[in-house]
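Small disclaimer: the values here were computed from a predicted structure and weren't measured. Within every chain, numbering begins at 1; the chains are lettered A, B, ... in the order of the sequence lines, protein sequences first and strands thereafter.
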Amino acid sequence: MSLGTSDSNLTARRRKAAAFRWSCAALTSATIVLLAILIFHVCKQGLAWLDWDFLTSFQSSRPENAGIKPALVGTLWLISLTACIAVPVGVAAAIYLEEYARPSRLNTLIEVNLANLAGVPSIVYGILGLAIFVRGLGLDRSILSGALTMALLVLPVIIMASREAIRAVPPSLRQASFALGATQWETIRHHVLPSALPGILTGVILALSRAIGETAPLVMVGAATYVTFLPDGPMDSFTALPIQIFNWASRPQAEFEKLAAAGIIVLLAVLLVMNGVAVFIRHRSRKGVS
Amino acid sequence: MNSCADDCPCAAMTTEKLTLHYGATAAFRDVSLEIPRCEITALIGPSGCGKTSFLSSLNRLTDLVPSCRVTGRITLGDLEVLAPDTNVVALRRRIGMIFQKPNPFAFSIAKNFALPLREHGVREHAEIEQRTEAALRDVGLWDEVRDRLRRSARTLSGGQQQRLCLARALALEPEVLLLDEPCSALDPISSAKVEDHLQSLKGRFTVVIVTHNLAQARRIADRVVFFWADESGGRVVESGPVDALFEDAIDPLTQAYVRGQHG
């Protein structure tokens with residue numbers, strides 16, 4: 001038998017290759033089409049309601065007066081505070097686990113638990129937040145309670161992404177630094193972190209994007225749905241975009257459904273801005289590095 | 001043979017019954033060597049016989065490998081290198097190391113020098129610049145890069161990068177230089193340049209170089225150490241002045257290796 005040089009054999013192989021290529025393309029476009037339909041549907045419903053008044057008004061029982069201002073501000077507060085808590089802790093934990101921790105039974109336990117924690121349903125974090133922060137520490141139904149709960153929720157993801165990024169730093173870089181007599185901290189500060197920064201940022205943004213859409217834990221720690229003031233500080237009560245959207249969507253009047261759609265557009269816009277910032281920072285630090 | 005001036009700061013190194021394990025596997029056993037001050041000592045031998053591990057144990061870079069265990073004795077001048085209270089940061093300032101693949105930091109050329117110098121407490125801007133220039137001149141790179149010190153070091157060619165790494169080590173004024181096959185990733189012309197500058201530095205530093213290029217060892221080394229690996233790990237078969245080892249080695253293994261008959 002010849003080694004696959006016959007015409008029929010070659011044609012069959014090329015057909016298989018083409019078939020695989022086209023099925024991949026078809027599956028990819030199916031996802032994109034679904035997403036496009038979703039966005040189109042939301043835009044069709046909500047765009048007409050989306051104007052400056054909507055962004056700057058408070059909640060109202062009359063749909064034409066209702067706005068999303070407190071929810072938008074609440075979400076920005078919540079996410080900034082969550083980032084301020086979760087990023088330093090998460091990156092520090094990742095540095096410890098990758099750079100300092102010696103292999104031990106305790107560390108294996110920590111690693112297994114991190115992977116598990118990333119998969120725990122968010123409502124469970126909500127219950128935890130309610131028990132510890134709202135009741136235990138007496139922080140009440142404040143932005144701080146919500147942010148601490150969200151921070152717990154995103155920590156495993158941030159830690160795991162940061163560890164991956166730190167692990168991907170080429171060993172030659174560490175060697176070069178140590179061989180020049182740098183201490184471990186200098187090596188981490190000057191070489192490992194700058195080189196891992198794009199990967200860490202990607203993880204952080206992915207985690208925060210997840211947090212921005214989370215509703216269940218906020219319901220548990222008691223984010224209000226009817227807020228007629230802007231929070232003054234982290235101890236104020238608050239509402240957030242997904243809560244507001246959920247609230248509107250669950251009302252019987254058709255107008256509120258449109259308001260919910262408009263709220264979704266705002267939420268997507270916030271997400272888009274965050275991802276845009278991440279891409280920008282990543283691009284800049286890549287340019288600096290390579 | 002010792003061509004070194006009396007005021008030369010470089011120190012000699014010795015190892016006594018030095019053995020290195022990765023986990024349960026020995027990389028080399030019972031290596032007792034004298035590395036004379038201000039001379040070039042070349043380590044030759046086939047791959048996997050522990051030359052690189054030996055080199056990294058001298059500046060305790062092997063500390064970075066968790067499974068690595070080094071026993072025996074290493075001295076640098078009066079310093080017990082393997083003693084637990086030895087300050088490895090100070091040790092590695094005294095012992096510079098150049099790796100097989102050039103590893104410049106992904107910063108500007110200037111920062112490649114400023115960073116380690118600052119880490120070692122050189123704060124004065126003028127002094128950093130002066131040391132950078134002196135080190136770059138030592139490796140013949142100054143005229144090539146003087147106009148682009150702010151550009152990324154990764155934009156240099158492979159040979160220039162390796163000379164940059166050499167200069168970066170020199171800027172810290174080490175006493176000993178460890179070189180791990182510094183020319184193996186370079187083309188012959190770049191390789192010759194690195195070699196030339198190594199030779200021009202002779203007498204200012206104690207140099208230990210791992211090389212697979214026997215001709216290079218013969219050209220630049222004062223002394224040669226021949227490593228060989230058998231089932232129980234690497235060991236030193238023979239060491240001596242370069243001519244003696246290449247012309248009339250005692251051990252048949254060495255004779256065959258330097259003639260290019262195996263390995």
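- Looking at B/Arg60, neither its backbone nor its side chain comes within 4.5 Å of chain A, counting heavy atoms on both sides.
- Residue B/Pro66 touches chain A through both its backbone and its side chain, counting heavy-atom pairs closer than 4.5 Å.
- For A/Arg167, the CZ atom counts as densely surrounded, since its 6.0 Å shell holds more than 12 non-hydrogen atoms of other residues, nucleotides or ligands.
- Annotation for B/Asp85: atom CG counts as buried by contact number, over 12 foreign heavy atoms lying within 6.0 Å.
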List, one per line, each side-chain donor-acceptor pair under 3.5 Å for residues 75-86 of chain A, sequence neighbours excluded.
residue: A/Thr75; atom: OG1; partner: A/Ala71; partner atom: O; Å: 3.3
residue: A/Thr75; atom: OG1; partner: A/Leu241; partner atom: N; Å: 2.8
residue: A/Ser80; atom: OG; partner: A/Leu76; partner atom: O; Å: 2.4
residue: A/Thr82; atom: OG1; partner: A/Leu78; partner atom: O; Å: 2.6

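- In terms of heavy-atom pairs under 4.5 angstrom with chain A, the leader among B/Leu64, B/Asn59, B/Leu172 is B/Leu64.
- Identified by a heavy-atom distance below 4.5 Å to chain B, the contributing residues of residues 173-184 of chain A are A/Leu173, A/Gln175, A/Ala176, A/Ser177, A/Phe178, A/Ala179, A/Leu180, A/Gly181, A/Ala182, A/Thr183, in residue-number order.
- By the side-chain hydrogen bond (donor to acceptor under 3.5 Å, both in side chains) test, A/Thr149 is found to be paired with no residue, residues two or more places apart in sequence or in another chain being considered.
- Inter-residue side-chain proximity for B/Val89 and A/Glu186 is flagged as unmet; no heavy-atom pair is nearer than 4.5 Å.
- Remark: A/Ile95 pairs with A/Val91, A/Glu99, A/Tyr100, A/Ile166, A/Ile188, A/Leu193 by the side-chain contact (heavy atoms from CB on, under 4.5 Å) rule, at least two apart or across chains.
- Contacts of B/Ile98 with chain A are absent, with no heavy-atom separation under 4.5 Å from either backbone or side chain.
- The residue among B/Val88, B/Asn87, B/Asn103 with the most heavy atom pairs within less than 4.5 Å of chain A is B/Asn103.
- Within 6.0 Å of the CZ atom in B/Arg118, the count of heavy atoms belonging to other residues, nucleotides or ligands does not exceed 12.
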